[in-house]
Amino acid sequence: MTCATCVNSVEGILRNLPGVKKAVVALATSLGEVEYDPLVISKDEIVNAIEDAGFEASLVQSSEQDKIILGVAGMYNEMDGQLLEGILSHFKGVRQFCFDKTSRELEVLFDPEIVSSRSLVDGIEGQSNGKFKLHVTSPYARMTSKDVEEASNMFWLFASSLFLSIPVFLIRVVCPHIPLVYSFLLWRCGPFQMEDWLKWALVSLVQFVVGKRFYIAAARALRNGSTNMDVLVALGTSASYLYSICALLYGAVTGFWSPTYFETSAMLITFVLFGKYLECLAKGKTSDAIKKLVELAPATAVLLVKDKVGRFVGEREIDALLIQPGDTLKVLPGAKVPADGVVVWGSSYVNEGMVTGESVPVSKEVNSSVIGGTINLHGALHIQATKVGGDAVLSQIISLVETAQMSKAPIQKFADFVASIFVPTVVVMSLLTLMGWYISGALGAYPEQWLPENGNHFIFALMFSISVVVIACPCALGLATPTAVMVATGVGANNGVLIKGGDALERAQKIKYVIFDKTGTLTQGKATVTTAKVFAGMDRGEFLRLVASAEVSSEHPLAKAIVEYARHFHFFDECTETKDAENNIKESTSGWLFDVSEFYALPGRGVNCFINGKRVLVGNRKLITENGMAIPTDVESFIVDMEESAKTGILVAYDNSLIGVLGVADPLKREAAVVVEGLGKMGVGTAMVTGDNWRTARAVAKEVGIRDVRAEVMPAGKADVVRSFQKDGSIVAMVGDGINDSPALAAADVGMAIGAGTDIAIEAADYVLMRNNLEDVITAIDISRKTFSRIRLNYVFAMGYNVVAIPIAAGVFYPSLGIKLPPWAAGACMALSSVSVVCSSLLLRRYKKPRLTTILEITVE
């Protein structure tokens, strides 16, 4: 694919296939993502359809779990091939296999219910008695090798064209000044001079051997009813080449020798190929972010081998792509964690900066979770793998970045429209240029001195016409948006901000309001119980045990704080407990809690359950009053005092009577107030929405500097709050972390999920803030603004280039200023225009996060 028109053609082909539900193609990465029904159409049929249209295509990666591609070492002759075939033919669970002798890759289709990928690799290596060594080929490594191969092919095409074009250039410019050589070139051999024979032979190689790709791509585009840059190159070079042949034949027949322009065709193809080579290199740089993320994952892992009883009897090194959930892995100091998992032995500090963007190492002990690709700094760890393959955090980050780079920003529609009419328009302009200069010359509108030596009006007009065809560049327009989006999503990932698509990136630059959730977003989400008051005659320990039993099944941060407080009280404050009980804290909580039945979590209210056949309610005022219980005046005044000091009051009722109140405080994040002020300086309004009561909400909002507060809002109501801000057409962002925020995140124009939040919140959001730091809200908006400033600059350059270059090439300024652009120079300009747009996008890689001191105009002495 060379420009936006090719992308539109491929997408059109894919979308018209039966069984294809969705198809997205990216120019900058040359990748396509297809969602299809395997019962209607197969992968091979999709690839064949693309190839039938004249494009090259191959399957890079599939979501299917029953296929593995293995690199095979130890294959030297035909006998080895037969041995491998024999092993696989009798291997239980193997459905199909194919070995590529050129790449030495083995593709195996197997039944994951019968055999695992690791068992398959171990089985093949074992049955070959160690002759074959297998390693899993990463799809990303294969993509990288394809990129390198494409750049390498383009370099050799350019080098070949240059090697053949230099002699043509020397024959035209240098050789006439060397008498001996020039006399040889003027030697007549048959109907033509030796000079003409040499130029014809060399340029024919450039035109039809090196430049074959332009003819193939142009024919492919025309066959699909579209036009692209290759059509322009093929048209311009063919016109120059065919005219030169006609001039030679005309001279041989009539004896009137017109000048030939073979060197124009050769130089033109050379410059275009040079531009394409630079473009390949530059486009490769735009996908550096994914390459860096892929490189985070270690190639191998140390697996601890267990016997039948479960005791560790040894260790062995395995391919990291063969790790399975439940495997126990050893991570040495300085080594990378090979998979997501839980620490089962040891303690250490782990650097998670490369994944989360957080620079401070995180302490890891038994039961701590670890992320694959992070670096273990100090002690040795044994971890149990929990998430592998596509479920791992690193894989999900890579997938998010890939999806974002595949998506199209709405602004891209403009480029797609221009691309669809660009080439036909340029061809018409070229013909008008040819006719204009030719007719003007025939009517004597310009002096004969302007004509080239031995030339005529047609040649003079033709050179302007060819320059118009080859200087016009649709590629720069097509690359303006996708390259910038690719670099921006990569830069975001490196800064702990995951952007899910170009459309989200475009909307974020226009954000007028940011609405924050309170718990876990503005606050640390590490709530602690500060007060526990019992109003009934119940023992304090029994009261806390009752509340913890009711809350233990809830996912709410406040519920976890209550359970933790009650557990601490039960194990450490009761003198009847022994020292051994401390170990039980890390075990199941069920041993000291009451049995609970009919548990219901009531969003925005609390929980309802039955203990010992009696109903227990734990929640806010609304929950208590809705169930027909009155709140005494002294209890109400006690709760009001807590709420005015930014604590949340939680009421507890047992057997239809109010028995106590808990006060829970959730400290604010230290950066919350500065971020709110910073957003104000950026022209972005802020608001807070929470299910908490009005007094607590106002106290928290006052502390962070937010004036617009919406409290006692149910989860569905949060989405309504978002819509109320959108009524005047404003772009609204929602920042949240919990399941109860997901409706609002989905309703917002830009949903931002705090990375430490739930999977559901992250799924509903457009941005994921990996660091759980509110400063990244500013970073997200800033990246978006900088990216779209760059995209606008790219469009101004791409459009401005064509607006200025085409009139110059057409000779508009030749009569007044004497400016004339030969076709080879026009080709050089065209080649460099798309390279300059990609390089402009690459400048985004130098992006630095905005400093809050700069935004707030604070002078640091």
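- Side-chain contact check for V664 versus T530: every heavy-atom pair is 4.5 Å or farther apart.
- Considering CZ of R545 and CZ of F569, their distance stands at 12.5 Å, rounded to 0.5 Å.
- Considering CZ of R790 and CG of L842, their distance stands at 10.0 Å, rounded to 0.5 Å.
- Inspection of the T386 and D340 side chains reveals no N or O donor paired with an N or O acceptor under 3.5 Å.
- You'll find the side chain of Y513 stays beyond 4.5 Å of the side chain of V722, heavy atoms only.
- Although no hydrogens or angles enter the test, the distance criterion places no donor-acceptor pair under 3.5 Å between the side chain of N495 and the main chain of V497.
- Looking at S784, its side chain does come within 3.5 Å of a backbone N or O of Q509 through a donor-acceptor pair.
- Between T648 and D692, the side chains place a donor N or O and an acceptor N or O closer than 3.5 Å (distance only, hydrogens not considered).
- Remark: Y349 OH is loosely packed, at most 12 non-hydrogen atoms of other residues, nucleotides or ligands lying under 6.0 Å away.
- Under the 3.5 Å distance criterion, with hydrogens and angles disregarded, a donor-acceptor pair is assigned to the side chains of D749 and Q726.
- Atom CZ of F725 sits about 4.0 Å away from atom CG of D708, to the nearest 0.5 Å.
- Classified by interplanar angle (parallel below 30°, tilted 30° to 60°, perpendicular above 60°), the ring pair W345/H382 is tilted.
- Side chains of K510 and F788 form no contact here, defined as non-hydrogen atoms less than 4.5 Å apart.
- Atom CD in Q524 sits 9.5 Å away from atom CZ in R670 (nearest 0.5 Å).
- The structure places NZ of K786 at 12.0 Å from CD1 of I781, a figure rounded to the nearest 0.5 Å.
- For the 3.5 Å distance criterion, the side chains of D782 and Y847 qualify, holding a donor opposite an acceptor.
- With contacts defined as side-chain heavy-atom distances shorter than 4.5 Å, the pair N376/L332 does not qualify.
- Contact between R785 and V684 at its shortest, heavy atoms only, is NH2-CG2, 3.7 Å.
- You'll find the side chain of L544 reaches within 4.5 Å of the side chain of L662, heavy atoms only.
- With a 4.5 Å cut-off on side-chain heavy atoms, I754 and L774 count as touching.
- Between R695 and E712 there is no salt bridge, since none of the side-chain N atoms of the basic residue sits less than 4.0 Å from a carboxylate O of the acidic one.
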Intermediate values then yes/no, side chain to side chain contact (heavy atoms under 4.5 Å, CB included), D666 and T519: CA-CA 7 Å; D666 188 359; T519 307; 3.7 Å; yes
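- Of the possible polar contacts, one joining the T523 side chain to the K518 backbone as a donor-acceptor pair under 3.5 Å is found.
- Between the S730 side chain and the V732 main chain, no donor and acceptor come within less than 3.5 Å of each other.
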Step-by-step side chain to side chain contact (heavy atoms under 4.5 Å, CB included) determination, K560 to S554: CA-CA 8 Å; K560 291 176 182 175; S554 173; over 6 Å; no
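- Considering only heavy atoms from C-beta on, R621 comes within 4.5 Å of I631 through its side chain.
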Criterion side chain to side chain contact (heavy atoms under 4.5 Å, CB included) on Y767 and L505, from CA distance to verdict: CA-CA 9 Å; Y767 279 70; L505 193 65; 3.6 Å; yes
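- Side-chain contact check for K669 and N772: at least one donor-acceptor pair (N or O, by modelled atom type) lies under 3.5 Å.
- Geometrically, K533 engages F638 in a cation-pi contact defined by less than 6.0 Å to the ring centre and at most 45° from the axis.
- In this structure a side-chain-to-backbone donor-acceptor pair under 3.5 Å is missing from T531 to G663.
- Contact check on D641 versus K647 returns no salt bridge, with no Lys/Arg side-chain nitrogen under 4.0 Å from an Asp/Glu carboxylate oxygen.
- Here the shortest heavy-atom pairing between C609 and V596 reads CB-CG1, 3.6 Å.
- Between I371 and T374, some side-chain heavy-atom pair lies under the 4.5 Å cut-off.
- Rounding to the nearest 0.5 angstrom, the gap separating the CG atom in L377 from the NZ atom in K364 is 11.5 Å.
- Of the possible donor and acceptor atoms, none in the side chain of D776 sits under 3.5 Å from a partner among the backbone N and O of T779.
- In terms of heavy atoms, A561 sits closest to V529 at O-CG2, 3.8 Å.
- Nearest heavy atom pair, residue V331 against residue K336, reads CG1-O, 4.0 Å.
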Worked verdict on F543 versus I659 for side chain to side chain contact (heavy atoms under 4.5 Å, CB included): CA-CA 8 Å; F543 167 74; I659 61 168; 3.8 Å; yes
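- Nearest heavy atoms, R723 versus A747: NH2-CB, 4.2 Å.
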